[in-house]
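The structure appears below as structure tokens.
What you see below is based on every heavy atom in this structure, not just the backbone, and it leaves out hydrogens, waters and symmetry mates.
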Protein chains: 2
Amino acid sequence: MDNLSEKTLSSTMVYEGKILNLRVDKVLLPNGKESGREVVEFSGAVAVVALTEENNVLLVKQYRYPVSEVLLEIPAGKMDHNEDPDTCARRELQEETGYTAKSLVKLCEFYTTPGFTTELMHVFLAQGLTAGVASPDEDEFVKVEVVPFLEALKMIFDGKIRDGKSIAGLLAAQTAVSK
Amino acid sequence: MDNLSEKTLSSTMVYEGKILNLRVDKVLLPNGKESGREVVEFSGAVAVVALTEENNVLLVKQYRYPVSEVLLEIPAGKMDHNEDPDTCARRELQEETGYTAKSLVKLCEFYTTPGFTTELMHVFLAQGLTAGVASPDEDEFVKVEVVPFLEALKMIFDGKIRDGKSIAGLLAAQTAVSK
């Protein structure tokens, strides 16, 4: 079986919402059978591993309603319409933490959960930080925590950081900075 | 602002599907205002970093319909009803690659994208592998690739591995095996 791809036969928009849409498609499988595919359409997003001169990392604590937990994460957010990842990363870092960065380099990018959503996450390493005043969205409640980078890495394996993009980003940053 | 949590005021099930449900809730924010929350209900899942004696890792190539791409990922899958993560990890590894593992240890766990879905991913390191015959689901089309572990780590930064759980899992395994 050389061709793994699936062909769209029909597409039905089930829900169009504030942050996501839900589509249900009928597809033709590689074996010639038909199947259904549920797709959550979601905009692209960015996440930022922001390292201070003292080798601390900026984390944000926020309540995540879908999982009913306060999570510790790296700063992140959705890209506005037509916004490029770079601009979005600088904007989200400033809004959530107040910090601006002299240097911003792309670490990696990935689909957060390609089995059911289109969401693509761009992860950056920000360095050369300058503190400032945060300006979160009106309905966004985040608390900044400044944590030693090595301590943050440990928190992944202690189960204290339980967010996918944060784990991928922190570990990718470890590889990048240890080069 | 000490309390970050949001209180559910009402909940409406918009769609109940094959692999996911979509719920739209009305919530009370920490500032006393009301807002809406779109929540994709999804079962727990597992992913497995399976390392051979020769320090190769087992990857699976599959078409991901939501992102219209063939992705290279670590073996993974959804937990059946009442299945524990451990059992699911062994089952998915066998089904997708044919391999069974003598040793299976938990590396970490995380929410794949806690801003809009409940999905919790449990990541394992599998070692002491024995090859066997794969038994994918009838409508599952995967190709196994055996890749040197160091090469797989490089593929994260070359943009050849573009799946969140795979990036988090491979980098977490690197930390675990280098200890």
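For the options A:D158, A:L153, A:D25, heavy-atom pairs under 4.5 Å to chain B are most numerous at A:D25. Contacts with chain A were tallied for B:G164, B:A45, B:P66; B:P66 has the most, counting heavy-atom pairs under 4.5 Å. Chain B forms the most heavy-atom pairs under 4.5 Å with one residue out of A:V14, A:I19, A:V70, and that residue is A:I19. Chosen from A:E119, A:Q174, A:R64, the residue pairing most often with chain B at heavy-atom distances under 4.5 Å is A:R64. For the options B:V27, B:V67, B:T113, heavy-atom pairs under 4.5 Å to chain A are most numerous at B:V67. Highest contact tally toward chain A, considering only B:A76, B:S68, B:G115, is held by B:G115 [criterion: heavy-atom pairs under 4.5 Å]. Ranking A:T117, A:I156, A:I167 against chain B, the residue ahead of the rest is A:T117, based on heavy-atom pairs under 4.5 Å. By number of non-hydrogen pairs under 4.5 angstrom with chain B, the leading residue of A:L171, A:L120, A:T175 is A:L171. The most heavy-atom pairs under 4.5 Å with chain B, out of A:V123, A:I161, A:N31, A:L170, come from A:N31. Contact count against chain A (heavy-atom pairs under 4.5 Å) is highest for B:E69 among B:K78, B:E69, B:K165, B:M121.
At a 4.5 Å heavy-atom cutoff, the contact between B:E6 and chain A is made by backbone and side-chain atoms alike. With a 4.5 Å cut-off on non-hydrogen atoms, A:A172 touches chain B through its backbone and its side chain both. For a residue to count as touching a neighbouring chain, one of its non-hydrogen atoms must lie under 4.5 Å from one of that chain's; by this rule B:L20 touches chain A with backbone and side chain alike. With a 4.5 angstrom heavy-atom cutoff, A:Q62 touches chain B only via backbone atoms.
Cluster membership for B:V144 and B:L72, using ILVMFWY side-chain heavy atoms within less than 4.5 angstrom, is not shared. Linking Ile, Leu, Val, Met, Phe, Trp and Tyr whenever their side-chain heavy atoms come within less than 4.5 Å puts B:L125 and B:I74 in one cluster. Placement of B:F124 and A:F157 in two distinct hydrophobic clusters is found when ILVMFWY residues are connected by side-chain heavy-atom separations under 4.5 Å, directly or transitively. Linking ILVMFWY side-chain heavy atoms closer than 4.5 Å, directly or via other members, places B:V48 and B:M155 in two distinct hydrophobic clusters. A:L9 and A:L29 end up in different hydrophobic clusters when Ile, Leu, Val, Met, Phe, Trp and Tyr side chains are linked at under 4.5 Å.
Within the 4.5 Å cutoff, the side chain of B:P114 has heavy atoms near those of the A:E73 side chain.
Contacts with chain A (heavy atom to heavy atom, under 4.5 Å) involve these residues of residues 86-107 of chain B, listed by number: B:L107. Residues of residues 33-41 of chain B having a heavy atom under 4.5 Å from any heavy atom of chain A, listed by number: B:K33, B:S35, B:G36, B:R37, B:E38, B:V39, B:V40.
The aromatic rings of A:F42 and B:F116 sit parallel, their planes meeting at an angle under 30°, below the 60° perpendicular limit.
Atom-to-atom distance recorded for B:T112:OG1 and A:Y111:OH is 15.5 Å, nearest 0.5 angstrom.
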CA sep, side-chain torsions, deciding dist, call: A:T8, B:Y65, side-chain contact (heavy atoms from CB on, under 4.5 Å): CA-CA 9 Å; A:T8 307; B:Y65 183 80; 2.6 Å; yes
